[in-house]
Amino acid sequence: MSIIRSAIRSGLCLRQSNHVISGSSLLFLQDWRKCLSTATEQPPSSPLPPPPGGSPGEGRFYGKFSGFSKHALKTDIMNVLEGCNVTPDDLKFNYLRGGNLTPAAVFVQFPSLSAYDRGLRNIAKKGKLYRLERAARSQWDPIVPYEGKVVALHGLPVNAITDDIDRFLSGCLYYPGSIQFLTVQGLGTSKRVALVRFTSQTQAMNAYITKNRNFLLNQRITLQVLQ
């Protein structure tokens, strides 16, 4: 019976209805929300804690990759850099501090100079508008990734509140205390955006697939999975 009660209590930490999050998760979310600012019209660099692991070792080379679409995923970048021996942890999306949460570039950590050169050759073959240029570790280090677990809800009505977001995301597994409203600059106008942290990359993608372009308070909402 004690095992069943423990399982029930742990399940209450996830949002599928109006559950209460656990104390330890609440402390985590409070730290997470400190990274965000509702008073600014600039989106934060990231609301997530840095990934585990040590600092990159010597011999690493850094590049700035650009020319991809707003909704590109890490897998899309890795396909372009095929054969360069980069992993998802070697990619950091850098989002514009103004604008509509558009990724300005992806900073790439290459294991060697030859891997970087291979990336240049790949881009030369694939053409399009891709661009890869050298970057410094000082540009790489400050960026804290969203890790594909944070979803941005664009097109919110001005009167939307947290309860409206809860109803919109009904059936999705996310942290209820993570909902954060931001104001970002669009084309000459300010727009409201909500950031929501999900329990995993899978759950974030599930929300994108099932909720993208649905209506909230009679207004169509567009979802964006932040990397």
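The first residue of the sequence shown is numbered 1, and numbering continues consecutively from there.
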Just by distance, do the side chain of K211 and the backbone of F168 share a donor-acceptor pair under 3.5 Å? yes
Across all chains, not counting sequence neighbours, the ring-ring contact (aromatic ring centres under 6.0 Å, His included) partners of Y208 are none
Flag the pair F198 / L173 as yes when at least one side-chain heavy-atom distance between them is below 4.5 Å, and no otherwise. no
Run the ring pair (Phe, Tyr, Trp, His ring centres under 6.0 Å) check on Y146 and Y95 step by step: do they pass? CA-CA 10 Å; Y146 290 94; Y95 292 89; 5.4 Å; yes
Tell me whether D90 contacts the main-chain N or O of V108 through its side chain, where contact means a donor paired with an acceptor under 3.5 Å. no
For the backbone of R197 and the side chain of K149, can you confirm whether one donor and one acceptor N or O come within less than 3.5 Å of each other? no
Can you find a pair of side-chain heavy atoms, one from Y175 and one from T199, that are under 4.5 Å apart? yes
Heavy-atom side-chain proximity of L132 to N122 below 4.5 angstrom: no
Could you name each residue pair satisfying side chain to side chain donor-acceptor pair (under 3.5 Å) that touches residues 216-227, not counting sequence neighbours? H154-Q224
Can a donor-acceptor pair be found, under 3.5 Å and without considering hydrogens, that links the side chain of R192 to the backbone of A160? yes
Audit row: F110, Y62, ring pair (Phe, Tyr, Trp, His ring centres under 6.0 Å) steps and yes/no: CA-CA 6 Å; F110 292 92; Y62 298 90; 8.8 Å; no
N/O donor-acceptor pairs under 3.5 Å from side chains in residues 66-74, not counting sequence neighbours:
{"from": "S69", "atom 1": "OG", "to": "A72", "atom 2": "N", "distance (Å)": "3.4"}
{"from": "K74", "atom 1": "NZ", "to": "P88", "atom 2": "O", "distance (Å)": "3.1"}
{"from": "K74", "atom 1": "NZ", "to": "L91", "atom 2": "O", "distance (Å)": "3.3"}

R134 atom CZ, over 12 foreign heavy atoms within 6.0 Å: yes
Closer than 3.5 angstrom, by distance alone: can the side chain of Q139 be matched with the main-chain N or O of A136 as a donor-acceptor pair? yes
